[in-house]
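Side-chain atoms are counted along with the backbone in the values below, which use heavy atoms only and exclude waters and symmetry mates. Please read all numbers here as calculations on a predicted model, not as lab measurements.
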Amino acid sequence: MLDPKLIRQDAETVSKKIATRGAALDVARFQLLEDQRKTLQIKLQELQNERNNHAKMVGQAKAKGQNVDELLQQVKKMGDTLKDTEEKFNQVQTELNQFLAMIPNIPHESVPIGKSEKDNKVIRTWREPTKLNFTPKDHVDLGAPLGMDFAAAAKISGARFVVLRNQLAKLQRALVQFMIDVHTREHGYQEIYVPFIANADSLFGTGQLPKFKEDLFAIKRDESEWYLIPTSEVSVTNIVRDEIIEADQLPLKFVCHSPCFRSEAGSYGKDTRGMIRNHQFEKVELVHIVHPEKSYDALEELTSHAEKILQLLELPYRVMALCTADLGFAAAKTYDLEVWLPSQNCYREISSCSNTENFQARRMQARFRDPKTGKPELVHTLNGSGLAVGRTLVAILENYQDEKAEIHIPKVLQPYMNGLTVIKP
RNA sequence: GGAGAGAUGGCUGAGUGGUUGAAAGCGGCGGUCUUGAAAACCGUUGAGUCCUUUCGGGCUCCGGGGGUUCGAAUCCCUCUCUCUCCGCCA
């Protein structure tokens, strides 16, 4: 959520910046609501002040043993106007909050302006794309004889799920283990395990709700509604919701493995083949909770940590700075890591690293105590995949295939595979 | 699933209708003392928000929501969560 004060001060500038993302900020509507809010709030607070004063007078009079009948008569009349004003104010406040909750974050000044993903900027490329002197197979064809079973998954659940058997299941588990080990041992992350079902407050905090409800799997139980997490960013980031953290505790760096559940309602017909875009996939997530002044350094750091995994796996990739139009709702700046997929002859997203600045922190009321002022201040939150495990598996199959459609295990993974060097049927 | 007890400031914990935004302690911050530190002592210390150029003032908040009342941390209803005991269970 944006700072309402910022919009009040300069709605036009905010609107312009939001427009670079292809989103519209209805300045007129905001100002209308804001004017109503202001008028009503002042009136309401005056009435409340009056009521409080009268109540005090009653109390004092009673304490002195005076007769209070007349005083009570006066005060009773105030009740209706107060209640009426209160209702109106609450209504406007609710509308204003809903309005604010739907506004995306403001892009950082370093984010390239663009109209579509075509305007994303290549920051750097690591290694040349894998060259194979035969026609590469895609991961579906490679995986089928090795135990990648979409038919079984369809029977159990439906489309966009996968069953992995034998060495493929093991390879996925090895990847998870490997990534967590690197991040905890070499990058200083705290490993953390979290719930995979989250409440509405948590999803509001990280920005999935209310705007992207259709992308989530919801679980209804009696009155309450829960959601399967679309990423462990939700659970992990919300650990600091409604907290005031001591400054010396920052930065907090968490690494978390979880399954992720996405209904991908807006992506019908995209990547229908294979396990690129499934309803359920494994991900190792990195989350930073940092001092506001350090969040852009942290973004570079976090991104480099995700890159390190690709480097150790020796998978060619490139780093993209997303342009304004391609930014996620909560992000002020995002680097996507794209891994080379020989079968598609192109780079595909395997990690997305974002600085949300205080956008999520404001929704969550996640703060730290500034030692200089002693006052609580919003933290900055960042998150990034380190990496999407399912897509990493795909990348390994495709980049490490040989002519016989056998898969060579990257060196760093071999210890995690009991020394296995090749996967074959 | 059954029975009971709770939820108060960064933390522990008092407070059952009228200056209680809340005692006390811990922690934090400032100071005295000390060569320095510790200890001791003194002072200070909740959050959000609105109005105001400043000074300052107001409002809201004692798990969430609703109600009673002139007035609610305190009474009533409801939900959530935590703890104890019994049952069941990976």
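- Rounded to an integer number of Å, the gap from CG of A:Asp370 to C1' of B:U45 is 16 Å.
- Across B:A40 and B:C59, the matching P atoms stand 40 Å from one another, rounded to whole Å.
- Nucleotides B:A22 and B:A72, compared at atom C1', are 13 Å apart to the nearest Å.
- With a 3.5 Å ceiling on both atom-pair distances, the Watson-Crick or G-U wobble partner of B:C85 is B:G2.
- Within the structure, a side-chain polar atom (N or O) of A:Arg369 is placed less than 4.0 Å from OP1 or OP2 of B:A47.
- Residue pairs meeting the side chain to side chain donor-acceptor pair (under 3.5 Å) criterion with at least one member in residues 140-153 of chain A, sequence neighbours excluded: A:Asp141-A:Arg273, A:Asp149-A:Arg165.
- Residues from residues 91-100 of chain A lying near RNA chain B, meaning a heavy-atom separation below 4.0 Å, are absent.
- Applying the Watson-Crick and G-U wobble criteria (two distances, each under 3.5 Å), B:G27 pairs with B:U45.
- Nucleotide B:U69 has no partner under the Watson-Crick or G-U criteria, as no pair reaches both atom distances under 3.5 Å.
- Scanning for salt bridge (Lys or Arg N to Asp or Glu O under 4.0 Å) contacts around A:Lys424 gives an empty result, with sequence neighbours left out.
- Under the 4.0 Å criterion applied to side-chain N and carboxylate O atoms, A:Asp181 and A:Arg185 are assigned as salt-bridge partners.
- Side-chain N/O atoms of A:Thr381 and A:Gln360 include a donor and acceptor closer than 3.5 Å.
- Counting only residues at least two apart or in different chains, salt bridge (Lys or Arg N to Asp or Glu O under 4.0 Å) contacts with residues 86-105 of chain A comprise A:Arg29-A:Glu95, A:Asp84-A:Lys88.
- The list of side chain to side chain donor-acceptor pair (under 3.5 Å) pairs with a residue in residues 101-111 of chain A, not counting sequence neighbours, reads A:His108-A:Ser110, A:Ser110-A:Lys333.
- The ring-ring contact (aromatic ring centres under 6.0 Å, His included) analysis of residues 365-395 of chain A, with sequence neighbours excluded, yields the pairs A:His291-A:Phe368.
- Applying the side chain to side chain donor-acceptor pair (under 3.5 Å) test to residues at least two apart or on different chains, the pairs with a partner in residues 38-50 of chain A are A:Arg37-A:Gln41.
- Judged by Watson-Crick or G-U wobble contacts below 3.5 Å, the nucleotide B:A7 has B:U80 as its partner.
- Using modelled atom types, one finds a donor on one side chain and an acceptor on the other under 3.5 Å when comparing A:Ser343 with A:Glu398.
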Indicate for each nucleotide in nucleotides 49-62 of chain B, in 5' to 3' sequence, whether protein heavy atoms under 4.0 Å reach the base (B), only the sugar-phosphate (S), or nothing (-).
SSS------BSS--

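- A:His408 places no side-chain N or O within 3.5 Å of a backbone atom of A:Val422 that could act as its donor or acceptor partner.
- Atom C1' of B:G56 sits at a distance of 42 Å from the matching atom of B:C77, rounded to the whole Å.
- Residues A:Gly59 and A:Glu377 both approach RNA chain B. Their nearest nucleotides, taken by heavy-atom distance, put A:Gly59 toward the 5′ side.
- Here B:A47 presents its C1' atom at 16 Å from CD1 of A:Ile245, a figure rounded to the nearest Å.
- Pairing for B:C62 is absent, with no Watson-Crick or G-U wobble pair whose two atom distances lie under 3.5 Å.
- The pairing partner recorded for B:U54 is none, the criterion being a Watson-Crick or G-U wobble arrangement whose two distances lie under 3.5 angstrom.
- With P as the reference atom, B:A3 and B:G15 are 28 Å apart, rounded to whole Å.
- Between the C1' atoms of B:A47 and B:C55, the separation comes to 23 Å (whole Å).
- Spacing between B:U84 and B:A14 at atom C1', rounded to whole Å, works out to 23 Å.
- Rounded to whole Å, the distance from NZ on A:Lys375 to P on B:G28 is 18 Å.
- A gap of 37 Å separates the C1' atoms of B:G9 and B:G1, to the nearest Å.
- Pair assignment for B:U32 gives B:A40, based on Watson-Crick or G-U wobble hydrogen-bonding distances that are each under 3.5 Å.
- If you check every strand for non-hydrogen atoms under 4.0 Å, A:Lys43 touches nothing.
- Under the side chain to side chain contact (heavy atoms under 4.5 Å, CB included) criterion, A:Ser202 pairs with A:Ala198, A:Asn199, A:Val234, A:Asn238, A:Arg241, sequence neighbours left out.
- Across B:C26 and B:U45, the matching C1' atoms stand 13 Å from one another, rounded to whole Å.
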